[in-house]
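For reference, the structure is listed below as C-alpha cells.
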Amino acid sequence: MTEPILQTVGLSIRFGGVEAVRGVNLCLAERELRCLIGPNGAGKSTLFKLLTGQLQPTAGRILFHGEDITGDHTHAIARRGIGIKTQVPNLFDSLTVRDHLWLAARRTNSRPRADAITDEIIERVGLGAIAGGMVGRLSHGLRQWVELGTVLAGNPELILLDEPAAGMTHDEVARTAELVREINRTHALIVVEHDMQFVRMIARTVTVMHQGAVLVEDTMDQILKNSAVRDIYLGKHGGA
Amino acid sequence: MKLRRVSPGIVATAAVMVAVGLGVPLVVDQFQLLQLTVFASMCILALSLGVVWGYGGILCFGQSAFFGLGAYTYAVTAVNLAESTLAILLSIVVPAVFAALLGYFMFYGRLSDVYLGVITLSVTLIFFNLMNSTAGDAYRIGTARLNGFNGMPSLPTFNVPGNPGRLLDPTETFYLVMALLLSVYVGLHALLASHFGRVVVAVRENETRCELLGYDVRLHKLLVFTLGGAIAGLAGSLFANWGAFVSPNVFSLSTTSQIIIWVIVGGLGTLVGPIIGCVLMQYLATELGTQQLANTSLMFGIIFLAFVLLVPRGIVPSLGVVRARLSAVRARPPA
Ligand SMILES: Nc1ncnc2c1ncn2[C@@H]1O[C@H](COP(=O)(O)OP(=O)(O)OP(=O)(O)O)[C@@H](O)[C@H]1O
Ligand SMILES: [Mg+2]
C-alpha cells in the first residue's frame, strides 16, 4: 500500500470542558474521496480547522505525506497543498469573483498563467455570468461556488469541503456532486455534508463522527444499514 | 493575455499634479508658493496613511510618529553633515526601520485592531513627551541640539546633491515636492496593481481566506506598514525643510488626528481621496487661521463629526456612488 496523503493520530482538541474532537485517527489515500458525516456539533468543522492549522490540537498529530504538520501556520499548511472551502464561506466581499480566482492561482503561477487558470475555472465551475461582480452581493449558494472555484484555482492536492451543497437548489446540488466527482479524478477530497442525497451521489467511503469521535467508517451502503448511525441521526435526520 | 488598462482617474489625477507642478510657480507669488509646497508635502503624509489604513486595513492612529521621526532624522543629520542628500535618505530609512520593528511586534504578536490603534497612538505621544523633555545641553546628537519643546531652528535646507553650497530656491523646492508627490501617488498605484498590492487588499477583506490560500498575512501587513512609515518619514523631511524648523509638535495629538481627518474626509480606500481631503482641510485651516473667525480645532472637530455621521465613506467614494446611481438612471430605458 502506498503512503497515505493524510493521516491523523489521536487528534484531539478541548474547549474548556468540551472535547470537540476526541482521538480521531483518520487515514486518507491519494485521490481518495471521503465523506464525513455526523449530526450537528459532532466536531466535523473543528476537525477541518485542526487540519488547516486554524486551531491547534491539544493532543495528537497530523501527517501530510508522512510529514508532521502539527502546529504549522495556516498559510504554511496551505502552501503544502491543503485547500478548504469553509462552512461559512470566507471571501473577499469587495473583490470580484475573478479577483478571487486570480489571487488563488497567482500564488504559484506567473501572471499570464494565473489569468489563464482564472478563465478556465470560471468556465469549469460555471461562474461566467457573475465573474465581474462583487462577491459581497451574491447569494449563499453562489458564494459556495465562488469559494469552491477559488480553492480549485489554487490547485491544492487535498481539498476539504465543508457543506458545499448548503443553500443550493436540487439542480445545483446535482451539479455540485458532478463537480466533486470530476475534481476527484485528480485530487483527494474530504467532504462534510448533511444532505444525504448529495452524499449518496458522491460517496464511496463514509466516516461518521459523533460527539467528537469517529463512530464508524464504512461504505455508504453499510453506513445506511448501521443501527448505531441510525440512532444518532434519529429525530433530526430521520430520512437518512 | 489582456492588456491591463490604467484607470482614467489615475491618469487624470497625475495630469492635474503635473499641471499644478509646472503651472503654479508661474502664476502665484512667493508666499502662496510656500503654502502650496507645504500642502503638497502633507499630501504625501496623507497618502502614507491612505495606503496603510485604506488599503492595508491597518488602523494606525500614530502615523505622526513616523512623520516626526523623519523630520527629526532630517534635522539631526542635516545639522551634523551640513548636506541634505543623506539626511533625506535617512529620513526615509529610519522611520521605515522603526515601523518594521513596531509592526513586527504588533503583527507577529497577533494584536487585535483596537490594540493596534491604541499602541500606535501611544507611540507617537511617547515621542512627543520624549522630545519635549530634551531641553538642555545634555541632549545633543553630534553637533545637533534637540532643544526640547523649543524645537530645532535654522536647519540647513535642501541643497543640490553633492553641492552643499547650492541650496534649492522656493520654486525648485516646489518642483521637487510635486515630483515626489507624483512619484509616490503613481508608485503606490503601481504597487496596488501588482500581485503584492492585490494581496494587501485581500488581507484587508478577509485574513482567514488569505491564510487558507497560502499567503502570509503578517508579512503583508508588516510590509505595507513599513512602507507607510517610509513615506511618512519622507513627508517629515519635506516638512522640516519647508520651515527649516522642527519641534515636538510633529508628534502631537493634533498632528496625528489631522492625518486621520484628511483620510476620512477624502475617503478610505482611494489614494486621490486623502490628497483631496488634505488640500481641502489645510486650505480651510489657513483661511480660518487668517480670518480669526472661529477656533480652528473646534471647526476641525465639527467637520470631522459631520463627515463621520453624514459622509462616512468620505468625499471620493461617495462621489463614486453618486456617479454610479446617475449612470444607472441614464441606462434605464424610458418608460
Ligand atoms: N471555538 C470554540 N469554542 C468552544 N467550543 C467550540 C468552538 N468551536 C466549536 N466548539 C464546539 O465544538 C463542538 C463541535 O463543533 P463543530 O462546529 O465542529 O461541529 P460540526 O460537526 O461542524 O457541526 P455542524 O454540522 O452543525 O456544522 C460543538 O459542540 C461546538 O459548540
Ligand atoms: Mg460544521
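In what follows, every chain begins at residue 1, and chains take the letters A, B, ... in the order their sequences are listed. Computed from a prediction, not measured in an experiment: that's the story for all the values here.
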Shortest non-hydrogen contact from A/Ser94 toward B/Arg204
OG-NH2, 3.6 Å
Within the supplied structure, the quantity of interest is the number of heavy atoms (other residues, nucleotides, ligands) at a distance under 6.0 Å from A/Gln56 CD; does it exceed 12?
yes
A/Arg106 (side chain) donor-acceptor with B/His195 (main chain) under 3.5 angstrom:
no
Just do the side-chain contact (heavy atoms from CB on, under 4.5 Å) check on B/Leu212 and A/Gln54 with the steps written out, would you?
CA-CA 9 Å; B/Leu212 292 173; A/Gln54 296 179 79; 3.8 Å; yes
Chain B shares the most heavy-atom pairs under 4.5 Å, among A/Val151, A/Ile84, A/Thr52, A/Thr86, with A/Ile84
A/Phe92 versus B/Asn206, closest heavy-atom pair with distance
CE2-O, 3.4 Å
Closest non-hydrogen atom pair between A/Leu95 and B/Glu205, with its separation:
CG-CG, 4.3 Å
If we define contacts as heavy-atom pairs under 4.5 Å, which of B/Thr208, B/Val217, B/Asp216 has the most with chain A?
B/Asp216
Atom OH of B/Tyr115: over 12 foreign heavy atoms under 6.0 Å
no
Other residues, nucleotides, ligands: >12 heavy atoms within 6.0 Å of A/Lys49 NZ:
no
Looking only at non-hydrogen atoms, find the nearest pair between B/Arg218 and A/His75 and report the distance.
NH2-NE2, 3.5 Å
Search all heavy atoms of B/Ala202 against all heavy atoms of A/Leu103 and return the closest pair with its distance.
CB-CD1, 3.7 Å
Distance-only, no hydrogens or angles: does the B/Arg209 side chain make a donor-acceptor pair with backbone N or O of A/Leu91 under 3.5 Å?
no
